[in-house]
Amino acid sequence: MINKEQISEILSVAINNINQGISKKITIRKSDENPPRDTRHLTDTRTRVSTLLEYSLTYEVNKVFQERGTSNSLSTVLWNVFPDLIVRDGNMNNIAGLEVKALDLAAEEKSANLHTPISYIRKGKDFLVILSWGWVREVTDNYDIYYPHVYDVGIFDAWLIAKIRDTTWLINNNERCKGFDINTPIISDGSAFDSFKAEEGNLGKVMRIKMSNATSDNVSYYAEMVAEAEDYSQFTNLVLGRSIVETAREVINFLDSEVSINIDLTEYPETATVVAETTYDDRNILFVAGNKQTAQLRESFNELDTYIFIGSKLNWKVFNYNNGWKEIANGKKPSIELDNIKSCL
């Protein structure tokens, strides 16, 4: 058998090996090789990189097993069903499942989804593994490249996360009738409680799964759900915080300017904070996140500065000073709007 803590330790070693080795070989791009920035091709690029990271994880975990002399192995599931990977013992028995979600931190919508019905998930044996990654630039005397760097890995009991998902979805009914038809989530069609349709597809988006405060403590496995939900919330908050920093880094790299990260966020800040800055065209460019006390923060800015506000959903606004700080441009998807941002600076 193998438990969550053992898998977590092995994944940590494997991720470090990916960042130091294979990721800088099979998924690098030169600094002048830029991916297409239209929505479809950008999504394709992210999907391809995420798939290769999953492959790399499988490869590196098997190396760890081999180096430690264990008979365990990690294999891919060859058809598109839950889970993605299977930990097997020496007799090739399925002793654990890993459902892997690799999230590009610069993506404004982390669309990875855990939609598998809970009846198909084994409590304590199947795990949700979330990798957060972003493009990192590495410059040496010989080359100038970008490679996908995995910043964080979270591992969670997939059964408990699915139970949290389903319970919260049922509680947040918005005056509509909800239920499960065998394994399919269904919802009343408008105000008519005698007509139902399949859930629209939002159930299970990994960045939206939260435990409702209205969850009854009579729910089975309540204490375990609370503990897992707290760990899960801390991790998703960390991913959101890193997303702000990585969005700033992506813009600065596009400007081909020097990156200066002021703070590594572990969540989206409540108070307005300068998270990164650079110099472009002889002007200081500041990257700000957080909605409260913005006026106080602005007092420290030079009137010749430009600042870019990044919201919790990675929406952006550019501000210049002209008898006061004025918004001059905005958008919702920085990764495909880099040219628009640059034109404002």
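Predicted, not measured: the structure shown is a model, and the values here were computed from it. Numbers here simply count residues along the sequence, with the first being 1.
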Separation of Arg88 CZ from Asn62 CG (nearest 0.5 Å): 11.0 Å
Close side-chain approach of Gln293 to Leu297, heavy-atom, < 4.5 Å: no
salt_bridge(Arg249, Glu246) N-O dist < 4.0 Å: yes
Side chain to side chain contact (heavy atoms under 4.5 Å, CB included) evaluation trace for Leu304 with Asn284: CA-CA 8 Å; Leu304 297 179; Asn284 290 329; over 6 Å; no
Leu85 CG to Asp126 CG distance, which is reported to the nearest 0.5 Å: 11.5 Å
NZ/NE/NH1/NH2 to OD/OE distance under 4.0 Å, Glu9 and Arg68: yes
Crowding at NZ, Lys332 (>12 non-hydrogen neighbours, <6.0 Å): no
Side-chain heavy-atom pair Ile171, Thr215 within 4.5 angstrom cut-off: yes
Basic-acidic side-chain contact under 4.0 Å: Asp44, Arg40: yes
Under-4.0 Å salt bridge between Glu228 and Lys163: no
Enclosure of Lys333 NZ (heavy-atom neighbours >12, cutoff 6.0 Å): no
side-chain hydrogen bond (donor to acceptor under 3.5 Å, both in side chains) between Gln20 and Asn17, intermediate numbers included: CA-CA 5 Å; Gln20 298 302 319; Asn17 291 342; over 6 Å; no
Within 6.0 angstrom of Lys292 NZ, more than 12 heavy atoms from elsewhere: no
Stepwise side chain to side chain contact (heavy atoms under 4.5 Å, CB included) check, Trp133 with Asp104: CA-CA 5 Å; Trp133 65 271; Asp104 179 2; 3.5 Å; yes
Flag if over 12 foreign heavy atoms under 6.0 Å of NZ, Lys317: no
Check ion pair Asp339-Arg37 (N to O, under 4.0 angstrom): yes
Non-hydrogen side-chain atoms of Ile26 and Ser56 separated by less than 4.5 Å: yes
Within one Ile-Leu-Val-Met-Phe-Trp-Tyr cluster: Trp169 and Tyr222, side-chain cutoff 4.5 Å: no
Nearest-0.5 Å distance that lies between atom CH2 in Trp159 and atom CZ in Arg165: 11.5 Å
Exceeds 12 heavy-atom contacts within 6.0 angstrom, atom CD of Gln6: yes
Test: Arg29 cationic atom under 6.0 Å from Trp135 six-membered ring centre, within 45° of axis: yes
Sub-6.0 Å ring centroid separation between Phe235 and Phe156: yes
Same apolar cluster (I L V M F W Y, side chains within < 4.5 Å links), Val245/Ile308: yes
Student check: side-chain heavy atoms of Ile209 and Ile164 closer than 4.5 Å: yes
Gap separating the CD1 atom of Ile95 from the CD1 atom of Ile2, nearest 0.5 angstrom: 5.5 Å
Verdict with supporting geometry, Thr116 and Glu99, side-chain hydrogen bond (donor to acceptor under 3.5 Å, both in side chains): CA-CA 10 Å; Thr116 303; Glu99 178 74 359; 5.1 Å; no
Glu258, CD atom: more than 12 neighbouring heavy atoms under 6.0 Å: no
From Tyr147, Tyr146, Tyr151, residue fulfilling side-chain hydrogen bond (donor to acceptor under 3.5 Å, both in side chains) relative to His149: Tyr147
Sole residue of Thr76, Asn94, Asn93 in side-chain contact (heavy atoms from CB on, under 4.5 Å) with Ile86: Asn94
Neighbour count above 12 (heavy atom, 6.0 Å) for Arg137 CZ: yes
Test log, rule ring pair (Phe, Tyr, Trp, His ring centres under 6.0 Å), inputs Phe287 and Tyr307: CA-CA 6 Å; Phe287 293 81; Tyr307 84 84; over 10 Å; no
Ile7-Tyr55 co-clustered via ILVMFWY side chain contacts under 4.5 Å: yes
Electrostatic pair Asp152-Arg242, nearest N-O below 4.0 angstrom: yes
Atom CD of Glu138 with >12 non-hydrogen neighbours under 6.0 angstrom: yes
Cation-pi check, Lys326 onto Phe319 ring (under 6.0 Å, within 45° of axis): no
Euclidean distance, Leu345 CG relative to Ile328 CD1, rounded to 0.5 Å: 7.5 Å
Side chain to side chain contact (heavy atoms under 4.5 Å, CB included) evaluation trace for Asn315 with Asn330: CA-CA 8 Å; Asn315 52 299; Asn330 64 73; over 6 Å; no
Spatial distance of atom CD1 (Ile244) from atom CD1 (Ile310) [nearest 0.5 Å]: 6.0 Å
